Engineer: 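Can you read through this structure? Questions will come right after.
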Amino acid sequence: MSAAAVPQPRAENEPSAPVARGRRISLAVGLLAGALGAALVLLATSRTWAEGTASVAQGTLPQRANGDDITGLPGALAVVGLAALVAVFAVRRVGRYVVSGLLALTGAGIVVASALGASDKAALEEKAAKATGLTDGVIHDVAYTPWPWVAMAGGVLLLLAGLLALGYGRHWPAMSGRYERTGGEGRARARRGARPAPDPERPEELWKALDRGEDPTARQGA
């Protein structure tokens with residue numbers, strides 16, 4: 001049997017092909033779900049969630065309320081979730097678990113806030129009160145759009161990204177992953193070794209010698 005046909009042994013810490021493929025898939029799905037989820041929430045909260053009519057002396061006045069008018073929580077949580085998604089790759093170990101948990105919590109919070117705002121008409125009544133000049137604005141023919149459910153779907157995607165990060169994030173690469181401990185220390189030592197030796201005649205070096213209790217004049221005389 002030729003040497004090329006001999007199977008090469010796998011390193012002790014090297015994952016098998018299916019495991020490595022699963023980690024890559026979790027990374028791709030997590031990134032896609034988090035980015036798409038945040039985009040959906042930000043888009044949905046800028047659209048009309050509820051509409052109705054307010055009664056005025058001359059007749060009726062149509063009123064509309066965007067998602068941000070009804071509740072600003074989903075949009076704010078989407079921004080936090082997007083920042084947490086990026087931060088997952090900037091931290092390691094315990095920090096990655098903390099950020100992943102925050103990402104999952106933002107998704108859950110968006111789902112709850114969007115569900116509560118899907119049938120809320122307080123923003124419409126407030127707008128009706130301003131339009132009519134009355135203390136209590138009365139709103140009629142209230143209708144709700146599907147946009148709150150789009151925001152909920154975005155929250156579910158962010159929640160999924162957080163759960164994937166919690167389950168597989170320890171295997172995901174980090175922004176500084178290319179700098180291994182040994183290689184980084186070796187390069188740092190090389191950079192330190194490449195620096196020119198300090199000139200003992202420079203004033204700052206003389207002051208440093210005095211701070212250390214040395215006599216720079218004796219060194220110069222030598």
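Heavy-atom basis, side chains included; hydrogens, waters and symmetry copies ignored. FYI, the numbering just counts along the sequence from 1. Every value quoted in this text rests on a predicted model; they were computed, and no experiment measured them.
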Engineer: If I compare all heavy atoms of Ala151 with all of Trp49, which pair ends up nearest, and what's the gap?
Structural biologist: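 Scanning both residues completely, I find the closest heavy atoms to be CB-CZ2, 3.9 Å.
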
Engineer: Output every pair passing salt bridge (charged side-chain N to carboxylate O under 4.0 Å, His left out) with a member in residues 100-116, not counting sequence neighbours, ordered by first then second residue.
Structural biologist: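 Found none.
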
Engineer: Verify the cluster assignment for Leu73 and Val111: are they in a single hydrophobic cluster under the rule of side-chain heavy atoms below 4.5 Å apart?
Structural biologist: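 Different hydrophobic clusters.
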
Engineer: Does the side chain of Val98 reach to within under 4.5 Å of the side chain of Val94, using non-hydrogen atoms?
Structural biologist: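 Val98 reaches Val94 side chain to side chain.
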
Engineer: Which of these, Leu85, Val86, Val88, sits in a side-chain contact (heavy atoms from CB on, under 4.5 Å) with Val99?
Structural biologist: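 Looking at Leu85, Val86, Val88, the match for Val99 under the side-chain contact (heavy atoms from CB on, under 4.5 Å) is Val88.
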
Engineer: Can you tell if the side chain of Thr71 reaches within under 4.5 Å of the side chain of Thr45, non-hydrogen atoms only?
Structural biologist: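 No, side chains not in contact.
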
Engineer: Would Tyr168 end up clustered with Leu27 when hydrophobic side chains under 4.5 Å apart are linked, directly or stepwise?
Structural biologist: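 In one cluster with Tyr168: Leu27, yes.
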
Engineer: Work out which heavy atom in Trp149 is nearest to a heavy atom in Ala118; give both atom names and the distance.
Structural biologist: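 Smallest interatomic distance, heavy atoms only, reads CZ2-CB, 4.3 Å.
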
Engineer: Within this structure, what is the CE-CD1 distance for the pair Met152 and Ile110, rounded to the nearest 0.5 Å?
Structural biologist: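 Output value for this atom pair is 11.5 Å.
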
Engineer: Are Leu159 and Leu102 connected in the hydrophobic side-chain network, where two residues link if heavy atoms are under 4.5 Å apart?
Structural biologist: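 They do not share one cluster, since no chain of ILVMFWY contacts under 4.5 Å joins Leu159 to Leu102.
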
Engineer: Counting only heavy atoms from other residues, nucleotides and ligands, does the tally under 6.0 Å from OH of Tyr144 exceed 12?
Structural biologist: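 For Tyr144, atom OH is crowded (more than 12 foreign heavy atoms under 6.0 Å).
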
Engineer: Determine the sole option in Ile70, Asp69, Asn66 for which the side-chain contact (heavy atoms from CB on, under 4.5 Å) test with Thr48 is passed.
Structural biologist: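 Result for side-chain contact (heavy atoms from CB on, under 4.5 Å) with Thr48: Asn66.
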
Engineer: Please answer whether the main-chain N or O of Trp172 pairs with a side-chain N or O of Arg96 as donor and acceptor at a distance below 3.5 Å.
Structural biologist: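 Looks like yes, one N/O pair under 3.5 Å.
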
Engineer: Under a single-linkage definition using a 4.5 Å side-chain heavy-atom cutoff for Ile, Leu, Val, Met, Phe, Trp and Tyr, are Val29 and Leu166 assigned to the same hydrophobic cluster?
Structural biologist: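 Shared cluster, no.
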
Engineer: side-chain hydrogen bond (donor to acceptor under 3.5 Å, both in side chains) with Trp147: which residues, sequence neighbours excluded?
Structural biologist: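 Counting only residues at least two positions away or on another chain, Trp147 forms no side-chain hydrogen bond (donor to acceptor under 3.5 Å, both in side chains).
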
Engineer: Side-chain heavy atoms under 4.5 angstrom apart, residues restricted to Ile, Leu, Val, Met, Phe, Trp, Tyr: same cluster for Leu164 and Phe89?
Structural biologist: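 Yes: a chain of side-chain contacts under 4.5 Å links Leu164 to Phe89.
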
Engineer: Give, for atom CG of Leu42 and atom CG of Leu82, the distance between the pair rounded to the nearest 0.5 Å.
Structural biologist: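 The distance works out to 7.5 Å.
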
Engineer: Kindly give the heavy-atom pair with the smallest separation between Pro74 and Val41, and that separation in Å.
Structural biologist: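 Looking at all heavy atoms of both residues, the closest pair is O-CG1, 3.3 Å.
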
